[in-house]
There are 2 protein chains.
Amino acid sequence: MREDGRGVADRRTMLLEAAARVIARRGVRGLRVEELAAEAGVSTALIYYHFKNRMGILRATLEFINDRADRYTGERDPDAPPLDARGELLETLLLEFQDDLEVRENSTAWGELRACAVFEPDLQEDVAKSTLVWVQDVAELLGHVHPQAGAAALAMSAERLTALVEGLSSRWLSGSLPLRHARDLVVGAVDAELARLAA
Amino acid sequence: MREDGRGVADRRTMLLEAAARVIARRGVRGLRVEELAAEAGVSTALIYYHFKNRMGILRATLEFINDRADRYTGERDPDAPPLDARGELLETLLLEFQDDLEVRENSTAWGELRACAVFEPDLQEDVAKSTLVWVQDVAELLGHVHPQAGAAALAMSAERLTALVEGLSSRWLSGSLPLRHARDLVVGAVDAELARLAA
DNA sequence: GTCTATACAGCGATAGAC
DNA sequence: GTCTATCGCTGTATAGAC
């Protein structure tokens, strides 16, 4: 997983993987540079060599988990049967609700960074941009199911579905909503939005 | 605001109001006991006299903002025209999306405490309980609109609507979604869920 | 690039007087 | 109940050697 064709992933990437793990375990609020260093097996000074300061770690990690999430979306098993438009939409929205360790890491870290952005203007722009990209992706997938729907209606449906996923994700991660139930709720919401767009 | 018929609100309440303000301003992670003391105009020692420790402040504040939110829901202008069932439902769900200072304080603090609960088992139970109460309230209001709907369907619609509100609230508070748009999205979602329950 | 060592500040929590 | 004063830890960040 940390290998590519050209060798071992570089140090910075390794540090970011460690940062994602620590944030997922302790939260942004609980991220200690010292613990990150231990997790990565390096000294704290090296962290400050690669990142300007604590906020620099957070910003870089946000970018890192966004790139990693993009990779998941792109990577489909080539042997699996091709998905129809609704299937692709569901897959995208349900991506966060999996028991896979790395996915859960991504969801947790993303939720944390989003929550922190409320108080950290330095994060707001990046979070807003990532959210926008996600909303637009979902709007496009909705458009594949209902090509006749208007752009404004697609955008609003996409905003609702993605915000719902974020809300449910937060409940799931805090242990107040079982994974299975969260997935059922998303499926129901998708069908409701598709029904609305069909009308 | 800090008065009632029997005199000035007691000290503990004043401290909790101050705590809600500080959490709304700095977040849970940014809450410093010293700043809370300054905000309330008392010494830090007094904080520890009234609360066991920092976590005790958080737990008490969570309870406080829940009670305060309940009070909003109950208090309606007696001169206003009575609301129909859908109107009551909308009012409950849109309660968080207002430019009122105290309401915004409540939303922000609630979002923070919910986000923190992912990493603080001590908060999870309280957060889950509050969420459950809210979901049940919304389910009941949905039932007033569609008395023939089944309990399971009402519960799932309520879960979706409340989770959506939480997701949108987080976007609003981090400045990536205008208040007005958030409200429109909620109204749309309510109508979609009501249409589903009518079928 | 990476480490060891450490300066320095911030903050939670308590002791003890009034 | 409330304050002043302070302890002691924890955590960010840097200096300087290799």
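Here is the naming used below: chain letters follow the sequence lines, and residue numbers restart at 1 for every chain.
Heavy-atom contacts from other residues, nucleotides or ligands closer than 6.0 Å to CD of A:Glu91 number more than 12.
Rounded to whole angstrom, the span from the CZ atom of B:Phe51 across to the C1' atom of D:dT2 amounts to 15 Å. For A:Leu46 and C:dT4, the CG to P distance is 11 Å, given to the nearest whole Å. In this structure, A:Ile47 atom CD1 and D:dG11 atom C1' are separated by 14 Å, rounded to whole Å. Here the C1' atom of nucleotide D:dG11 and the CD1 atom of A:Ile57 are 12 Å apart, to the nearest Å.
Contact annotation: B:Arg11 side-chain N/O to D:dT2 OP1/OP2 distance is under 4.0 Å.
Qualifying side chain to side chain contact (heavy atoms under 4.5 Å, CB included) partners for B:Ser43, counting only residues two or more places apart in sequence or in other chains: B:Ala45, B:Leu46. The salt bridge (charged side-chain N to carboxylate O under 4.0 Å, His left out) test applied to B:Glu112 returns A:Arg29, not counting sequence neighbours.
Cluster partners of B:Leu132, using a side-chain heavy-atom cutoff of under 4.5 Å among ILVMFWY residues and allowing indirect links: none. Here A:Val133 is tied to no hydrophobic group at all, with no ILVMFWY side chain closer than 4.5 Å.
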Worksheet entry | nucleotides 6-16 of chain C: protein proximity per nucleotide (B base, S sugar-phosphate only, - neither; heavy atom, under 4.0 Å) | -----SSBBB-

Under 3.5 Å, which donor-acceptor pairs link side chains of residues 172-179 of chain A to any protein atom two or more places apart or in another chain?
from: A:Ser174; atom 1: OG; to: A:Ser170; atom 2: O; distance (Å): 3.1
from: A:Ser174; atom 1: OG; to: A:Arg171; atom 2: O; distance (Å): 3.3
from: A:Ser176; atom 1: OG; to: A:Arg171; atom 2: O; distance (Å): 3.4

